[in-house]
Amino acid sequence: MSFDLSEFLTEGLISSVNDGLIQPELATVYAGNYLVKSLITQGQVTQVSDAITAYKAAQVAADQTASDQAQRIVGK
């Protein structure tokens with residue numbers, strides 16, 4: 001069994017964003033740096049980008065749900 005550094009870096013960036021350990025913008029910078037250094041591929045940068053987009057969409061949805069719930073409580 002061999003260690004795949006590019007997979008490790010890609011998954012690390014994605015999970016770090018999802019877990020709130022780093023900001024999505026910083027993950028984008030890291031992914032770009034890893035790409036320039038040939039540590040990850042363009043496809044993996046796309047994976048990170050897609051994961052960040054999904055994370056941001058989930059955050060917007062969660063914020064909207066919280067806002068809707070607050071409005072219902074205030075409206076009662």
Side-chain angles (χ1 to χ4, degrees):
M1 185 168 138
S2 67
F3 178 73
D4 186 343
L5 179 61
S6 65
E7 185 176 322
F8 175 79
L9 293 172
T10 302
E11 293 303 318
L13 287 175
I14 292 169
S15 64
S16 293
V17 169
N18 288 335
D19 294 342
L21 299 174
I22 61 174
Q23 294 296 312
E25 296 79 10
L26 185 57
T28 301
V29 171
Y30 284 155
N33 286 339
Y34 295 156
L35 177 63
V36 168
K37 294 177 182 179
S38 297
L39 296 174
I40 64 175
T41 66
Q42 180 61 51
Q44 289 168 315
V45 171
T46 301
Q47 282 182 310
V48 172
S49 178
D50 291 347
I52 289 170
T53 300
Y55 171 82
K56 287 182 177 182
Q59 293 295 70
V60 168
D63 291 347
Q64 185 61 47
T65 299
S67 176
D68 291 348
Q69 288 175 347
Q71 296 254 337
R72 275 185 251 139
I73 291 170
V74 171
K76 287 187 177 183

query = Side chains of N33 and L39: closer than 4.5 Å at any heavy-atom pair?
reply = no
My understanding is that only residues two or more places apart in sequence, or in another chain, count here; which of them pass side-chain contact (heavy atoms from CB on, under 4.5 Å) with [X]?
X: S15; value: D19
X: Q23; value: E25
X: A51; value: I14

query = Got a sec, which pairs hit salt bridge (charged side-chain N to carboxylate O under 4.0 Å, His left out) with one end in residues 30-46, sequence neighbours left out?
reply = none
query = Which pairs pass salt bridge (charged side-chain N to carboxylate O under 4.0 Å, His left out) with one or both residues in residues 2-18, sequence neighbours excluded?
reply = none
ask   = Linking I/L/V/M/F/W/Y whenever their side-chain heavy atoms sit closer than 4.5 Å, directly or via other members, would V29 and L21 fall into one cluster?
value = no
query = Going only through I, L, V, M, F, W and Y residues with side-chain contacts under 4.5 Å, is there a path from L9 to L26?
reply = yes
query = Do you know the tightest heavy-atom contact between I52 and A27?
reply = CD1-CB, 3.9 Å
inquiry  = Under the ring-ring contact (aromatic ring centres under 6.0 Å, His included) definition, can you give me all pairs with a residue in residues 7-44, not counting sequence neighbours?
reply    = F3-F8
message = Running the 4.5 Å side-chain criterion over Ile, Leu, Val, Met, Phe, Trp and Tyr, what cluster does V36 land in, apart from itself?
response = none
request  = Could you name each residue pair satisfying side-chain hydrogen bond (donor to acceptor under 3.5 Å, both in side chains) that touches residues 43-61, not counting sequence neighbours?
outcome  = S6-Q44, T41-Q44, Y55-Q59
